[in-house]
Structure formats: C-alpha cells, structure tokens
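This is a predicted model, so every value here is computed, not measured. Per chain, numbering begins at 1; letters A, B, ... match sequence-line order.
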2 protein chains.
Amino acid sequence: MTERSSILSTADARRPLVASAAVREFARGGLHGATVADVARAAKISPAYVFKLFPRKEQLFAVALESCFQQVLEALAVGADEAADDSPDSILDAMGDAYAHLIADRTLLMLQVHAQSVAEVPEIGDALRAGLERVTRFAKERSGASDAAVQRFIAYGQLCHLIVTTRVEQIPEEWARLLSEGITHPA
Amino acid sequence: MTERSSILSTADARRPLVASAAVREFARGGLHGATVADVARAAKISPAYVFKLFPRKEQLFAVALESCFQQVLEALAVGADEAADDSPDSILDAMGDAYAHLIADRTLLMLQVHAQSVAEVPEIGDALRAGLERVTRFAKERSGASDAAVQRFIAYGQLCHLIVTTRVEQIPEEWARLLSEGITHPA
DNA sequence: CGCAAGAGTGAGTGAGCAATCACTCTCCAA
DNA sequence: TTGGAGAGTGATTGCTCACTCACTCTTGCG
C-alpha cells in the first residue's frame with residue numbers, strides 16, 4: 001500500500017479527493033453559491049483539471065451528493081449495531097442518534113438541503129432520489145419497523161434539517177424549544 | 001398595442017405586485033437561479049425599477065418569503081375553521097389538509113425550500129425564522145394541541161416538502177409509497 | 001401656466017464564473 | 001532511449017447578471 005512517492009497521481013485516485021472537497025464546498029454554498037474554482041482550491045488542483053475529471057459542474061455536485069449519502073448510510077449502520085436491544089423502535093432510535101451525531105458539523109446536512117433546492121437538475125434529482133431510496137430501504141429492512149414508523153423516522157430527520165438550517169435551536173423562546181425538543185443533541 | 005391611458009402607479013402600490021411576481025420567480029429558481037430581470041418581466045416593469053423598489057435582490061427575496069408565509073397562515077386559519085370538531089387533533093388534521101391543498105401547485109413550497117438553502121443570508125434567515133415562528137405559534141394556539149403534536153405537525157410538513165421536491169410521489173415503488181402514505185392528496 | 005416630486009426606463013458597466021484549449025511535464029513500457 | 005498516453009495547468013473566452021446613472025414622462029399643485 002505504500003506508494004512510491006511520485007509527482008503525478010491518477011485520475012481515478014483524484015476523483016474521490018475532489019468529490020470530498022466538493023462535499024465541503026457545495027455544502028457551504030450550494031450548487032450556485034460555490035464555484036468550481038472553490039472546489040479546485042480546496043482540492044489543491046487547477047479548475048481546468050476539475051473539469052477534466054468531472055466535465056460538468058452538476059455532475060460534480062451529484063457525485064458529492066452520492067458520497068454524502070454513502071456516509072449517512074454507514075453512520076446509520078454503525079448506529080443500528082449499537083442499539084440497546086433489537087426492537088424496531090430501539091434500532092430506529094439508535095439510527096436517529098447516529099444521524100444527529102454525524103451531522104453535528106452541518107456539512108452533510110446542508111448538502112442535502114441544497115440538493116433539495118436544485119432537485120430539478122436531472123442528475124441531482126436522480127442522485128437525491130437514489131440516496132433517499134437507500135436510506136428508506138435500509139431503515140425499514142435493518143429495523144424491521146412498520147411503514148408508519150419509518151415514515152416518522154424520515155419526517156423527523158427533515159425536521160432536524162429545518163432546525164439546523166434556521167438555527168432555531170439557538171433561539172431561547174418557547175416556540176423554538178417546542179420544535180427542537182428531543183431533536184437536538186448536546187454538544 | 002398602444003395603450004391609451006397608461007396611468008402611473010405609486011411605489012407603494014407596485015411593491016406588492018412585484019413581491020407577488022418574485023414569489024413565482026424565486027419559487028422556480030431560488031435566489032441564485034432566478035434573476036431580477038426575470039422578476040421584472042413577470043411584473044411587467046423594467047429591471048431598473050425593481051431595484052428602485054427593492055434596492056437589493058436579497059431584500060426582494062425576503063419580502064417574497066414573507067408574502068409566502070402570510071398566505072400559508074391564512075390557509076391554515078381557514079382550514080382550522082373547517083375542522084370536523086374542535087379537538088386538537090381534528091384541528092391539526094384540518095390544517096394539514098389545508099396546507100396540502102395550498103401547496104398543490106408547488107410554488108409556495110418550493111420558495112420555502114429555496115429559502116432554507118440560503119438561510120445564511122441574514123435577511124432571508126430572519127424572514128424564515130419569523131415565518132416559522134408564526135406558523136408554529138398559530139398551530140399551537142389555534143389547535144390547543146400538545147407540544148409533541150405540534151412538533152409532529154411541522155415534521156410531517158417538512159416530509160411533505162421532501163416528497164414534493166423529489167417527486168417521490170410519482171415513483172411506483174414500495175419505499176416511495178411508504179414515504180408518501182397519507183401525505184399526498186389526490187390531484 | 002410652470003415646476004417640482006415622483007414614476008419609470010434604456011443603456012450601460014464591471015465583476016464573476018463555467019467551460020475550453022493549447023500547451024508542458026511525468027512516467028513507463030518496449 | 002524514446003514515444004506515447006495520461007497528468008496537470010495558465011490563459012482566455014464568452015456570457016450572464018447585479019446594480020447604476022442619466023435621462024424622460026406624468027401628475028398634481030400653487
């Protein structure tokens with residue numbers, strides 16, 4: 001595994017690194033608020049080479065989104081393994097906790113929110129639906145919970161997105177506390 | 001098409017019309033995907049005059065968002081008045097139905113989704129929080145439901161946003177049906 | 001009437017950014 | 001040793017768009 005240090009890399013080795021940089025940059029600014037130059041800078045390569053690896057900006061965003069959902073699924077799987085017992089509710093709860101922990105730094109959450117707002121771009125909509133399918137299927141199959149419980153799991157996940165994007169959790173008022181109750185995790 | 005009496009309007013009369021056009025245009029493309037020229041065209045005035053009425057694009061977006069929440073609140077109020085009985089659950093259900101009906105054309109829903117993704121713009125974040133506060137307070141006070149029930153009401157509203165943005169309702173697969181169950185309304 | 005205040009616009013300007021291209025440099029297989 | 005495939009870039013292009021400004025037209029008023 002110890003590669004001899006050479007100056008050049010390979011395109012196949014670069015792509016995941018660029019995708020990872022893209023996750024961070026697109027999470028910050030969304031498809032329109034982050035530039036390919038931003039991603040290039042974060043990945044320490046030239047903008048021109050980013051375009052050689054991912055011919056269109058939207059494709060780069062879609063790949064970043066896939067990476068995001070991959071991380072989400074892995075976190076859910078780990079969380080499920082740590083459930084208190086193997087009742088459906090316990091497993092869903094454990095997955096929820098794992099998700100809350102994963103998105104503590106807002107990056108993966110913001111990327112999903114931005115993706116939702118540009119879901120009419122075909123490649124992005126496709127990636128979003130694929131990710132949602134994987135999460136939904138996994139939650140259902142791994143927990144064995146009822147359809148209604150899985151639906152609730154996803155719904156409260158979306159509420160969590162709203163709370164974080166609006167920073168409602170930082171508002172010391174009753175209506176805000178009501179929304180965040182049981183959702184936010186202590187730092 | 002030489003209009004005989006093209007009467008001048010007043011800035012105060014124009015602003016709501018431009019805001020209404022902005023709702024439509026920003027709902028389509030979001031803050032970055034719709035241009036001020038788009039809004040101007042929809043409002044049938046020049047881009048220059050849009051800037052005279054709303055000096056910055058973000059301010060125009062925030063005003064559009066306020067208009068959106070105003071419409072949402074009015075719809076919730078009407079819905080609540082039509083509840084089967086005045087138990088909290090009935091009222092929340094009726095509000096949910098009214099909301100589903102209101103956002104059938106996706107416009108007001110998409111504007112909220114886009115707003116979420118640019119909530120870090122101060123004026124937009126403020127408008128979003130203000131709208132969310134009004135909706136939450138109204139749902140709680142008008143229905144008299146428990147905090148948990150109101151939280152659930154908002155959470156399923158967010159799930160509804162996800163379903164519509166991703167067009168999951170059109171996917172004839174089990175996981176998609178699971179998510180949409182009881183949420184989507186017949187056309 | 002004369003004129004001021006406000007309505008409304010055409011024609012820019014300058015910045016930013018996706019995408020392209022011609023090019024150099026590195027590596028390795030034969 | 002060399003040639004070709006692939007890694008990687010600087011410079012540029014063409015366009016879009018937020019925002020500005022100088023200007024005209026309308027209307028009400030003394």
Side-chain angles (χ1 to χ4, degrees), chain A residues 2-22 24-26 28-65 114 117-118 120-124, chain B residues 1-22 24-26 28-65 114 118 120-124:
Chain A
T2 38
E3 273 298 319
R4 257 271 152 257
S5 74
S6 72
I7 295 177
L8 295 182
S9 179
T10 66
D12 285 347
R14 281 275 192 220
R15 258 181 283 260
L17 300 178
V18 176
S20 167
R24 276 175 275 131
E25 295 303 313
F26 284 133
R28 233 190 354 89
L31 178 64
H32 298 291
T35 70
V36 172
D38 290 335
V39 175
R41 192 174 322 111
K44 298 191 197 340
I45 62 176
S46 69
Y49 193 40
V50 173
F51 278 104
K52 212 163 253 179
L53 295 172
F54 300 95
R56 299 186 315 109
K57 193 193 189 187
E58 291 79 10
Q59 184 185 336
L60 177 56
F61 189 102
V63 168
L65 189 58
H114 282 127
S117 87
V118 289
E120 76 278 4
V121 175
E123 332 171 51
I124 297 177
Chain B
M1 194 54 181
T2 42
E3 194 71 42
R4 259 288 291 183
S5 58
S6 102
I7 310 166
L8 291 183
S9 180
T10 66
D12 284 348
R14 279 276 192 225
R15 258 181 283 260
L17 301 177
V18 175
S20 167
R24 275 175 275 131
E25 294 304 312
F26 284 133
R28 236 191 350 89
L31 178 64
H32 298 291
T35 71
V36 172
D38 291 335
V39 175
R41 193 176 320 112
K44 299 196 202 327
I45 61 175
S46 68
Y49 194 40
V50 172
F51 278 104
K52 215 163 251 179
L53 296 172
F54 300 96
R56 300 188 311 111
K57 191 193 190 186
E58 290 79 9
Q59 184 184 336
L60 178 55
F61 188 102
V63 168
L65 189 57
H114 282 126
V118 289
E120 75 278 2
V121 176
E123 333 173 49
I124 297 177

[X] to [Y] - nearest heavy-atom pair and separation:
| X | Y | answer |
| --- | --- | --- |
| A:A34 | A:E25 | CB-O, 3.4 Å |
| A:S46 | A:A40 | C-CB, 3.8 Å |
| B:V36 | B:P47 | CG1-O, 4.4 Å |
| B:D12 | B:R15 | OD1-NH2, 2.9 Å |

Restricting to nitrogen or oxygen on both sides, can you table the protein-nucleotides 7-9 of chain C pairs closer than 3.5 Å?
{"residue": "C:dA7", "atom": "OP1", "partner": "B:A11", "partner atom": "N", "Å": "3.0"}
{"residue": "C:dA7", "atom": "O3'", "partner": "B:S9", "partner atom": "O", "Å": "3.3"}
{"residue": "C:dG8", "atom": "OP1", "partner": "B:S9", "partner atom": "N", "Å": "2.9"}
{"residue": "C:dG8", "atom": "OP1", "partner": "B:R14", "partner atom": "NH2", "Å": "3.0"}
{"residue": "C:dG8", "atom": "OP2", "partner": "B:R14", "partner atom": "NE", "Å": "3.1"}
{"residue": "C:dG8", "atom": "OP2", "partner": "B:Y49", "partner atom": "OH", "Å": "3.1"}
{"residue": "C:dG8", "atom": "O6", "partner": "B:K52", "partner atom": "NZ", "Å": "2.9"}
{"residue": "C:dT9", "atom": "OP2", "partner": "B:S46", "partner atom": "N", "Å": "2.8"}
{"residue": "C:dT9", "atom": "OP2", "partner": "B:S46", "partner atom": "OG", "Å": "3.1"}
{"residue": "C:dT9", "atom": "O4", "partner": "B:K52", "partner atom": "NZ", "Å": "3.4"}

Whole-Å gap separating [atom2] ([N]) and [atom1] ([X]):
| X | N | atom1 | atom2 | result |
| --- | --- | --- | --- | --- |
| B:F51 | D:dT20 | CZ | P | 8 Å |
| B:R56 | D:dT20 | CZ | C1' | 16 Å |
| A:F61 | C:dA18 | CZ | P | 13 Å |
| B:E25 | D:dA18 | CD | P | 12 Å |

Response to the item:
Applying salt bridge (Lys or Arg N to Asp or Glu O under 4.0 Å) to A:R56 and not counting sequence neighbours gives A:E58, A:E123
Discussion item. Using side chain to side chain contact (heavy atoms under 4.5 Å, CB included), reason through B:D38 and B:R28 one step at a time and then give a plain yes or no.
Written reply: CA-CA 10 Å; B:D38 291 335; B:R28 236 191 350 89; 4.0 Å; yes
Worksheet item: So, do B:H32 and A:L31 sit near enough that their side-chain heavy atoms are less than 4.5 Å apart?
Response: no
Fill in: Heavy-atom check, side chain of B:I45 versus side chain of B:L17, under 4.5 Å
no
Discussion item. Please report the end-to-end axis angle for the helix from C:dC1-D:dG30 to C:dA30-D:dT1, five pairs per end, rounded to 10 degrees.
Written reply: 10°
Discussion item. Under 4.0 Å, heavy atom to any atom of DNA chain C: which of residues 29-42 of chain B qualify?
Written reply: none
Discussion item. Enumerate the ring pair (Phe, Tyr, Trp, His ring centres under 6.0 Å) contacts for residues 41-61 of chain A, please, sequence neighbours excluded, ordered by first and then second residue.
Written reply: A:F26-A:F61
Worksheet item: Who pairs with A:S9 by side-chain contact (heavy atoms from CB on, under 4.5 Å), at least two apart in sequence or on another chain?
Response: A:A13, A:R14
